[in-house]
Amino acid sequence: QVQLEESGGGLVQAGGGLRLSCVGSGFTFSRYNLAWFRQAPGKGREFVAAQRQSGATKYYADSVQGRFTISRDNAKNTVYLQMNSLEPDDTAVYYCAAKQWVILSAIRREDQYTLWGRGTQVTVSS
């Protein structure tokens, strides 16, 4: 069964940090581009970060640049999102996504991804 499963969400105070994990199964994880998106209450889903198959290139939304870090461990079929200096505006459901082939110029677009996890809630209190 092909699936992605996120974990690591929770409640944290502003200024704190969390590390999200997403484990993939049922597909060749190392061959896939991986991404994190988030959806805040009443808003659409937005891009957070992405990492290419090779792991050499990473992409970030301007709003998280310098605070969040995406990384992958292909031996564990896991992608991580380390989130530091969290702000109340970071409150959202966070989703991981995967796709073997993406148009590079569109790597930040959610319609590029065909595999999605169910999400994990992150709540940042002020």
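Positions are given from 1, in the same order as the sequence printed here. Hydrogens, waters and symmetry mates are skipped; everything else that's a heavy atom, side chains included, is used.
Criterion: ILVMFWY side-chain heavy atoms under 4.5 Å apart, direct or through other members. Under it, M83 and Y60 are part of a common hydrophobic cluster. Under the 4.5 Å side-chain heavy-atom criterion for ILVMFWY residues, no single connected hydrophobic cluster contains both Y95 and L81. Note on V102 and Y59: same hydrophobic cluster, where clusters join Ile, Leu, Val, Met, Phe, Trp and Tyr whose side-chain heavy atoms are under 4.5 Å apart, directly or indirectly. By the criterion of side-chain heavy atoms lying less than 4.5 angstrom apart, applied directly or through intervening Ile, Leu, Val, Met, Phe, Trp or Tyr residues, F47 is not grouped with V122; the two fall into different hydrophobic clusters. Under a hydrophobic-cluster definition in which Ile, Leu, Val, Met, Phe, Trp and Tyr are linked whenever side-chain heavy atoms come within less than 4.5 Å, directly or via other members, L20 and L115 are assigned to the same cluster.
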Go through the steps for N84 and F68 under the test side chain to side chain contact (heavy atoms under 4.5 Å, CB included), then give the verdict.
CA-CA 6 Å; N84 298 327; F68 290 11; over 6 Å; no
Evaluate the criterion side chain to side chain donor-acceptor pair (under 3.5 Å) for residue pair Q65 and S63; output intermediate values, then yes/no.
CA-CA 6 Å; Q65 180 77 48; S63 58; over 6 Å; no
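With rounding to the nearest 0.5 angstrom, the CZ atom of R72 is 9.5 Å from the CG atom of N77. One finds the CD atom of E6 at 5.0 Å from the SG atom of C22 (value rounded to the nearest 0.5 Å). Taken to the nearest 0.5 Å, the CZ atom of F29 stands 6.0 Å off from the OG1 atom of T78. From L104, atom CG reaches atom OG1 of T57 across 7.5 Å, with rounding to the nearest 0.5 Å. Note that CD of Q39 and OG1 of T91 are 13.5 Å apart. Values are rounded to the nearest 0.5 Å. The line from OH of Y32 to CH2 of W101 is 10.0 Å long, rounded to the nearest 0.5 Å.
Listed here is the closest heavy atom pair of Y113 and A50: OH-CB, 4.0 Å. The two residues S126 and A14 come nearest to each other via the heavy atoms CA-CB, 4.3 Å.
Between the N33 side chain and the Q100 main chain, a donor and an acceptor come within less than 3.5 Å of each other. Side-chain N or O atoms of T120 include none that pairs as donor or acceptor with a backbone N or O of S7 at under 3.5 Å. Judged purely by atom type and a 3.5 angstrom limit, R109 has no side-chain atom pairing as donor or acceptor with the backbone of S105. A donor-acceptor pair under 3.5 Å links the side-chain atoms of Q112 to the main chain of I103, judged by distance alone. Judged by distance alone, with hydrogens and angles left aside, the side-chain atoms of K58 form a donor-acceptor pair with the main-chain N or O of I70 at under 3.5 Å.
We find that E46 and R38 are joined by a salt bridge, their nearest charged nitrogen and carboxylate oxygen being less than 4.0 Å apart.
Taking the centre of each ring, W116 and F37 come in below the 6.0 Å mark.
Counting only heavy atoms from C-beta outward, the side chains of R52 and L34 never approach each other to under 4.5 Å.
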